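Just so we're clear, the structure is a prediction, and the values are computed from it rather than from any experiment. Just so it is clear: chains get the letters A, B, ... in the order the sequence lines come, proteins before strands, and each one is counted from 1.
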There are 2 protein chains.
Amino acid sequence: MSKNLSKNQLRRLPEYLTLLRNLKQNGIKYISCQTIADCLNLNKELVRKDIAAVSSYDGVPNKGRDIVLLIKDFEKILGYDSSHNAVLVGVGSLGKALLCYDGFSTYGLKIVGAFDRNPELIGRTINDIHIYDSRRMFGTLSTLNANIGIICVPSGFAQEVANDLVDSGIEAIWNFAPTKIEVKKDVILSNMDMATSLAVLSHQLYLKKNKRKEN
Amino acid sequence: MSKNLSKNQLRRLPEYLTLLRNLKQNGIKYISCQTIADCLNLNKELVRKDIAAVSSYDGVPNKGRDIVLLIKDFEKILGYDSSHNAVLVGVGSLGKALLCYDGFSTYGLKIVGAFDRNPELIGRTINDIHIYDSRRMFGTLSTLNANIGIICVPSGFAQEVANDLVDSGIEAIWNFAPTKIEVKKDVILSNMDMATSLAVLSHQLYLKKNKRKEN
């Protein structure tokens with residue numbers, strides 16, 4: 001199976017997976033679409049369609065679907081079954097925070113190395129992750145066996161870093177820099193723009209404050 | 001001035017501000033729209049429109065725009081001129097990472113307290129931020145003078161926490177839980193869904209791998 005899932009489906013999939021893993025940990029073996037829908041506050045038909053898109057197993061009458069098989073299907077289609085190695089570029093405050101974040105393993109992601117050009121950081125480790133010299137990215141990357149690059153450098157350097165990563169053979173880029181970057185068609189790109197998300201919030205608070213003043 | 005800016009404009013505004021602050025630090029006093037456009041790789045007319053939406057000052061002939069005045073206008077419209085106090089709920093791995101992140105001050109955000117229900121965390125501090133008992137949120141929040149709530153709890157608890165925050169008088173919610181939450185109309189909501197962003201990336205890597213296998 002090699003399906004193109006919608007973004008909304010991809011949003012729900014990690015939620016299903018978290019629920020199923022929790023249920024499995026609690027010794028539960030079968031589950032119905034209705035129960036999944038109830039637990040996640042979703043429509044039952046929507047759950048049925050999502051599961052049909054991911055899993056080819058039918059449910060067992062009067063029992064429901066086998067949770068272990070469902071988990072396997074979800075992990076496979078989300079690419080979580082084989083761990084992805086990632087490198088992080090830019091060990092500033094956000095980069096450091098992500099290196100310290102221990103939740104990535106849940107999503108099959110492992111940060112195997114970091115890059116920075118600051119001599120005070122090069123050679124140090126954070127959360128057991130080694131920081132390499134970003135000017136030697138090409139040579140170092142070939143030894144790290146990573147296919148995802150996480151960009152945490154300031155906006156002005158993001159495109160340059162993306163080019164370097166792609167030239168070094170990285171297949172997917174997760175961009176945390178608050179700027180658009182361009183990559184060739186066969187490179188996967190996902191943006192994670194904390195600065196914009198916070199700017200939207202902060203600007204709306206400003207509008208609200210102004211409205212109060214006007215009234 | 002109390003403008004409604006588009007989301008694309010709000011994406012660019014923090015970028016302009018970062019550039020202007022850097023230029024000011026380097027002793028530069030005036031800048032033209034053309035130079036801003038060149039530095040950020042944007043179209044000059046777009047830059048001119050963005051600046052007109054934010055600033056009422058004209059440029060000085062042959063010099064450009066006064067950087068100090070521009071910075072003030074950007075900070076004002078982004079709500080960064082008056083610092084917003086925020087509380088964070090859910091001190092798991094993501095919550096911890098955000099508490100350790102020192103970059104929020106650039107965006108006028110200060111985390112003044114955290115909440116969790118784990119007895120091992122309550123009473124501790126992380127990066128000088130005190131962790132309070134989330135079951136006493138209502139009383140504690142009234143002393144913290146915060147208007148933003150950052151949600152980092154698991155999906156299943158996000159709506160409940162959002163309700164508690166709103167009932168305690170929080171005006172804006174920044175939701176990091178990978179689920180949709182609902183709030184009443186006058187509460188500001190911005191979502192920051194790392195899990196979905198990573199799921200999109202990971203699923204596309206899975207599709208790419210499958211395609212290679214098929215060829």
Side-chain angles (χ1 to χ4, degrees), chain A residues 2 4-5 7 10-11 13-15 18-19 39-41 76-80 84 92-94 96-98 100-104 107-109 147-148 154-156 159 171-172 174 178-179 186 188 190-211 214, chain B residues 2 4-5 7 10-11 13-15 18-19 39-41 76-80 84 92-94 96-98 100-104 107-109 147-148 154-156 159 171-172 174 178-179 186 188 190-211 214:
Chain A
S2 168
N4 273 306
L5 300 165
K7 197 167 175 188
L10 280 170
R11 175 167 298 135
L13 260 44
E15 286 221 68
T18 305
L19 173 70
C39 290
L40 298 175
N41 196 22
K76 194 178 159 197
I77 209 146
L78 280 166
Y80 297 172
H84 295 299
S93 18
L94 180 62
K96 272 183 196 143
L98 292 178
C100 292
Y101 176 51
D102 288 322
F104 285 133
Y107 304 107
L109 189 88
N147 57 357
I148 297 180
S155 302
Q159 183 63 57
E171 293 178 272
W174 203 16
T179 186
D186 61 334
I188 297 156
S190 185
N191 291 297
M192 195 65 206
D193 193 346
M194 273 180 55
T196 303
S197 178
L198 189 51
V200 169
L201 199 93
S202 187
H203 173 64
Q204 283 177 302
L205 274 173
Y206 159 84
L207 291 178
K208 203 173 163 184
K209 201 171 72 179
N210 267 29
K211 217 172 162 184
E214 281 164 17
Chain B
S2 170
N4 273 305
L5 300 165
K7 194 161 178 192
L10 279 170
R11 176 168 297 138
L13 260 44
E15 285 223 69
T18 304
L19 173 69
C39 290
L40 298 175
N41 197 21
K76 195 179 159 194
I77 209 146
L78 281 166
Y80 296 173
H84 295 298
S93 18
L94 180 62
K96 272 184 196 142
L98 291 178
C100 292
Y101 175 51
D102 288 323
F104 285 134
Y107 305 108
L109 189 90
N147 57 358
I148 296 180
S155 301
Q159 184 64 55
E171 293 178 90
W174 202 15
T179 185
D186 61 334
I188 297 157
S190 185
N191 291 298
M192 194 66 206
D193 193 345
M194 272 178 56
T196 303
S197 178
L198 189 52
V200 169
L201 199 95
S202 187
H203 173 64
Q204 284 178 301
L205 273 173
Y206 160 83
L207 291 179
K208 204 173 162 182
K209 200 172 73 181
N210 267 29
K211 217 171 161 185
E214 283 164 16

Here the pair of heavy atoms bringing L98(B) nearest to F104(B) is O-CE1, 3.7 Å
If you count heavy-atom pairs within less than 4.5 Å of chain A, which of C100(B), G92(B), A172(B) leads?
A172(B)
Note: S190(B) and L201(A) closest approach over all heavy atoms is CB-CD1, 3.4 Å
Heavy-atom distances under 4.5 Å only: say whether T18(B) touches chain A with side chain, backbone, both or neither.
neither
Is chain A contacted by the side chain of L19(B), its backbone, both, or neither, given a heavy-atom distance below 4.5 Å?
neither
Among Q204(A), K209(A), K96(A), which has the most heavy-atom pairs under 4.5 Å with chain B?
Q204(A)
Are M194(A) and Y101(B) packed together at the side-chain level, in the sense that at least one heavy-atom pair is separated by less than 4.5 angstrom?
yes
In this structure, OG of S202(A) is separated from CD1 of I77(B) (nearest 0.5 Å) by 11.0 Å
Of the backbone (N, CA, C, O) and the side chain (C-beta and beyond), which part of E15(A) lies under 4.5 Å from a heavy atom of chain B, both, or neither?
side chain
Ring-plane angle category for H203(A) and Y206(A), please: parallel below 30°, perpendicular beyond 60°, tilted otherwise.
parallel
Using a 4.5 Å cut-off on heavy atoms from C-beta on, say whether the side chain of N147(A) contacts that of H84(A).
yes
At a heavy-atom separation under 4.5 Å, does L205(B) approach chain A through its side chain, its backbone, both, or neither?
both
Counting heavy-atom pairs closer than 4.5 Å to chain A, which one of L13(B), V200(B), L94(B) comes out on top?
L94(B)
May I ask you to name which of L198(A), L109(A), D186(A), N191(A) has the most heavy-atom pairs under 4.5 Å with chain B?
L198(A)
Proximal component of L40(B), with respect to chain A [non-hydrogen, under 4.5 Å]:
neither
